[in-house]
Amino acid sequence: SVVSKKKILTYILSEPLCEATTAKVDIDTASGNLTIDTLTEGEPVLASGTLEYVENQQMPTRSVDINNGRATLTLKSTSMGRPLFRLPWSGCIAATDWEIHLNPDVQADISARSGGGDVKLNLTGMTLTRVIADSGGGNLDVVLPDNMANLSVTAKTGGGNVTVHLGNGIKGSNILTATSGAGNVEVRIPSGLAARIYATSGWGKEIVDSRFVNIEKHMYQSLDFDRAADKVEVTVQSGAGNVIVNAI
């Protein structure tokens, strides 16, 4: 018998900057792995990278609009790839990999989704207003930049593990929600940042750093939270895994 394997093809992404100073970035890989980080060579582009797709499927769709310095960039996969469901401890079986580099000088609102692959966001050096990272069953790893203010972050997966690293120098009132249907969820909070934490797990443990006082069931907070000007409100949830909050 003859076994036929579909080839993986690559689309090269390069979007001109066109004087954009803010951007709404919406990326959906269907079932692939997704990595987003920042440009390192100072290229005059809004975004660059490589987008894999399966032979005989359509190329990824892209649209970009820039108006009065605000860019809207949308990237979407039409390939379903390999099956989506997997247990959180198994190796990733996504068919394709997307690697995208964003201009750190452009203030961004980022939505990053995969139907079942891993999502890794290393947003060090960027300026952000909102981040949404979502996977149907993959692992999520989100590294946030320093010196953010009034930031909203959501990291959600159906079955994988979630890790979110908050940056230093956070200002104002910030919100972070990190959830998994079955995996472990870990949030790392800089020492000295005031925080209120809601931590729940259906079958796992609540493991919260001792600098956060347990004030009622599933709720912890730093002693100075109510009067602090700079703070974060954190929700960590898992259906079956441990929920962990560390001060770093």
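This one's a predicted model, so the numbers in the text were calculated from it and none came from an experiment.
Pro104 places a side-chain heavy atom less than 4.5 Å from the side chain of Leu39. Proximity of Leu34 to Ile100: side-chain heavy atoms (C-beta onward) are separated by under 4.5 Å at one or more points. Here the side chains of Ile189 and Leu176 are not in contact, with every heavy-atom distance at 4.5 Å or above.
Atom NZ of Lys24 is separated from atom CG of Asp109 by 5.5 Å, given to the nearest 0.5 angstrom.
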List the atom pairs, donor and acceptor, that lie under 3.5 Å between side-chain atoms in residues 140-155 and the rest of the protein, sequence neighbours left out.
from, atom 1, to, atom 2, distance (Å)
Asp141, OD1, His165, NE2, 3.2
Asp146, OD1, Asn168, N, 2.8
Asn150, OD1, Ser173, N, 3.0

When the side chains of residues 237-248 are checked against the rest of the protein, which donor-acceptor pairs come out under 3.5 Å, sequence neighbours left out?
from, atom 1, to, atom 2, distance (Å)
Ser238, OG, Gly183, O, 2.6
Ser238, OG, Ala240, N, 3.3
Ser238, OG, Gly241, N, 2.8
Asn242, OD1, Lys205, N, 2.8
Asn246, ND2, Glu186, OE2, 2.8

Test log, rule side chain to side chain contact (heavy atoms under 4.5 Å, CB included), inputs Thr179 and Val162: CA-CA 7 Å; Thr179 63; Val162 178; over 6 Å; no
Start with the C-alpha gap between Tyr53 and Gln58, add the side-chain angles, then the distance that decides, and say whether side chain to side chain donor-acceptor pair (under 3.5 Å) holds. CA-CA 8 Å; Tyr53 62 102; Gln58 294 181 358; over 6 Å; no
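The number of heavy-atom neighbours closer than 6.0 Å to CG of Leu223, taken from other residues, nucleotides and ligands shown, is 12 or below.
Hydrophobic cluster membership differs between Met126 and Ile132, with clusters built from Ile, Leu, Val, Met, Phe, Trp and Tyr side chains linked at under 4.5 angstrom. Trp98 is connected to Met59 through a chain of hydrophobic side-chain contacts under 4.5 Å among Ile, Leu, Val, Met, Phe, Trp and Tyr, so both are in one cluster.
Checked against Val64 for a side-chain contact (heavy atoms from CB on, under 4.5 Å), the options Leu75, Thr74, Leu73 give a single hit: Leu73.
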